[in-house]
There are 2 protein chains.
Amino acid sequence: MAQVGERLIRTLSAKGLRVTEQRRTLVRLFAETSSYLSPKEVYFRLVSTHPGLSYDTVYRNLRLLQDLGVLERYHFDDGVKFRIGCFEDRHHHHHLICLSCSRIVPIDFCPMKHLNVPGEFQIVDHHFDVYGYCGQCRSQEDRGAESMEGLNHSGFERKKPSGKEERLCC
Amino acid sequence: MAQVGERLIRTLSAKGLRVTEQRRTLVRLFAETSSYLSPKEVYFRLVSTHPGLSYDTVYRNLRLLQDLGVLERYHFDDGVKFRIGCFEDRHHHHHLICLSCSRIVPIDFCPMKHLNVPGEFQIVDHHFDVYGYCGQCRSQEDRGAESMEGLNHSGFERKKPSGKEERLCC
DNA sequence: GTAGTTGCAAAAAGTTTGCACGACG
DNA sequence: CGTCGTGCAAACTTTTTGCAACTAC
């Protein structure tokens, strides 16, 4: 995954933006980390290597990278989180998202190919995500554990990701 | 739509919860209002009939009704918004959402009928929403207007809804 | 009457902004 | 060396919490 980070660094440079140590570390963090990171998590991960780092620098750079299309921002029940973009150099796809470990599995299936819309509605965008439990978490669960806690009535919210850091998409 | 509000009031009562004037007005507001309302919007709508109303009462009741499954909470770019639940007494469906006027059009199509998932992944929930511009907004747009402003690079965020209040779903 | 609810105030959490210093190119 | 980025502080917004007074049942 290191080359992903390097490429993004070059993207920054090509846009005339300064490549500071903070930005380099930030990009590397997202290039190497699976799933989602909140601004707070990002801050605590960076502050260890950058004593004196401030929250506003984190926020500014997260926003910058989001505007650049490098990062994607999502809202979860426990706040805003970022993750490296999937649009970079892959074709359009969607995700299976594990509610237990936050692992993300890409699926090529796109519902828009099957959808007939009322003619007067002009489609601009769509969101499709599938939530559930991945094989690994299910087998762990078999050895006695919680099952669907962390899921509220609407199923919209997600349980906090555990510490696992395995990248399965992008 | 008045009977929807009355039914929800009875739901409150049946759960042993007090039916206060604030709650009655709040439920009626959501029963009669289309699209989404932020806590702030809810507050300003209620404070006119309830002078002295406080924000925390709004927040507490929004959360209460969400926990009861009456309201659904969504995160948009400009913050959290609520809307009356669609699960009440309708079959499963999805939505076309107008990026201009926030109008919501139900569609019966569900992508899950067409999706083959990896066997080890246990599906619990899914989200599917289509964003675009409804026929009414498109025809207004024809008479010279903005087109896709309010949409960011990822298309995830939505433009602020205009003042229109026409309920097309639930 | 009693328990649930409200309003008030304050605190907490999350995010943004202005400004002077510092560092990248 | 000029410009952009950072750190600091403060402001701002959103949301939560403790508590006394109130009110629906």
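- Residue K40(A) places none of its side-chain N or O atoms closer than 4.0 Å to OP1 or OP2 of dA13(C).
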Handout entry: From CA spacing to verdict: ring-ring contact (aromatic ring centres under 6.0 Å, His included), Y74(A), H127(A)
Key = CA-CA 12 Å; Y74(A) 295 92; H127(A) 297 147; 8.2 Å; no

Practice task
List the steps, then state whether ring-ring contact (aromatic ring centres under 6.0 Å, His included) holds for F128(B) with H95(B).
Solution key: CA-CA 8 Å; F128(B) 176 51; H95(B) 294 142; over 10 Å; no

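- The closest donor-acceptor contact from the side chain of S48(A) to the backbone of R45(A) lies under 3.5 Å.
- Under the 3.5 Å distance criterion, the side-chain polar atoms of T33(B) are left unmatched by any main-chain donor or acceptor of F30(B).
- Mapping R18(B) and L64(A) onto DNA chain D via the closest heavy atom, the residue that lands nearer the 5' end is L64(A).
- Contacts of residues 47-57 of chain A with DNA chain D (heavy atom under 4.0 Å): G52(A), L53(A), S54(A), D56(A), T57(A).
- If you check the side chains of E41(A) and Y43(A), you find no donor sitting under 3.5 Å from an acceptor.
- In this view, S54(A) and D56(A), T57(A) satisfy the side chain to side chain contact (heavy atoms under 4.5 Å, CB included) rule, not counting sequence neighbours.
- For the helix from dG1(C)-dC25(D) to dG25(C)-dC1(D), the end axes, each set by the C1' atoms of five terminal pairs, are bent relative to each other by 40° (nearest 10°).
- Contacts between chain B and DNA chain D, taken as any atom within less than 4.0 angstrom of a protein heavy atom, begin and end at dT14(D) to dC25(D).
- Between the side chain of R60(B) and the base of dG4(C), no donor-acceptor pair under 3.5 Å is found.
- For the side chain to side chain donor-acceptor pair (under 3.5 Å) test with N61(B), the passing option among Q66(B), R23(B), Q22(B) is R23(B); the others fail.
- Nucleotide dG25(C) holds its P atom 17 Å from the NZ atom of K15(A), rounded to whole Å.
- Toward the 5' end of DNA chain D, the nearer of the two residues T20(B) and Y59(B), judged by each one's closest nucleotide, is Y59(B).
- Atoms CD and OH, from E72(A) and Y36(A) in turn, are 8.0 Å apart once rounded to the nearest 0.5 Å.
- One can place OH of Y43(A) at 15 Å from C1' of dA13(C), the figure rounded to the nearest angstrom.
- The residue R24(A) sits apart from the nucleic acid: no heavy atom pair falls under 4.0 Å.
- For E120(A), the side chain to side chain contact (heavy atoms under 4.5 Å, CB included) test picks out P118(A), with sequence neighbours left out.
- Under the 3.5 Å distance criterion, the side-chain polar atoms of S13(A) are left unmatched by any main-chain donor or acceptor of I9(A).
- For Q22(A), no side-chain nitrogen or oxygen approaches OP1 or OP2 of dA23(C) to under 4.0 Å.
- Under the rule for a ring-ring contact (aromatic ring centres under 6.0 Å, His included), the partners of H126(B) that lie at least two apart in sequence or sit in another chain are H92(B), H94(B).
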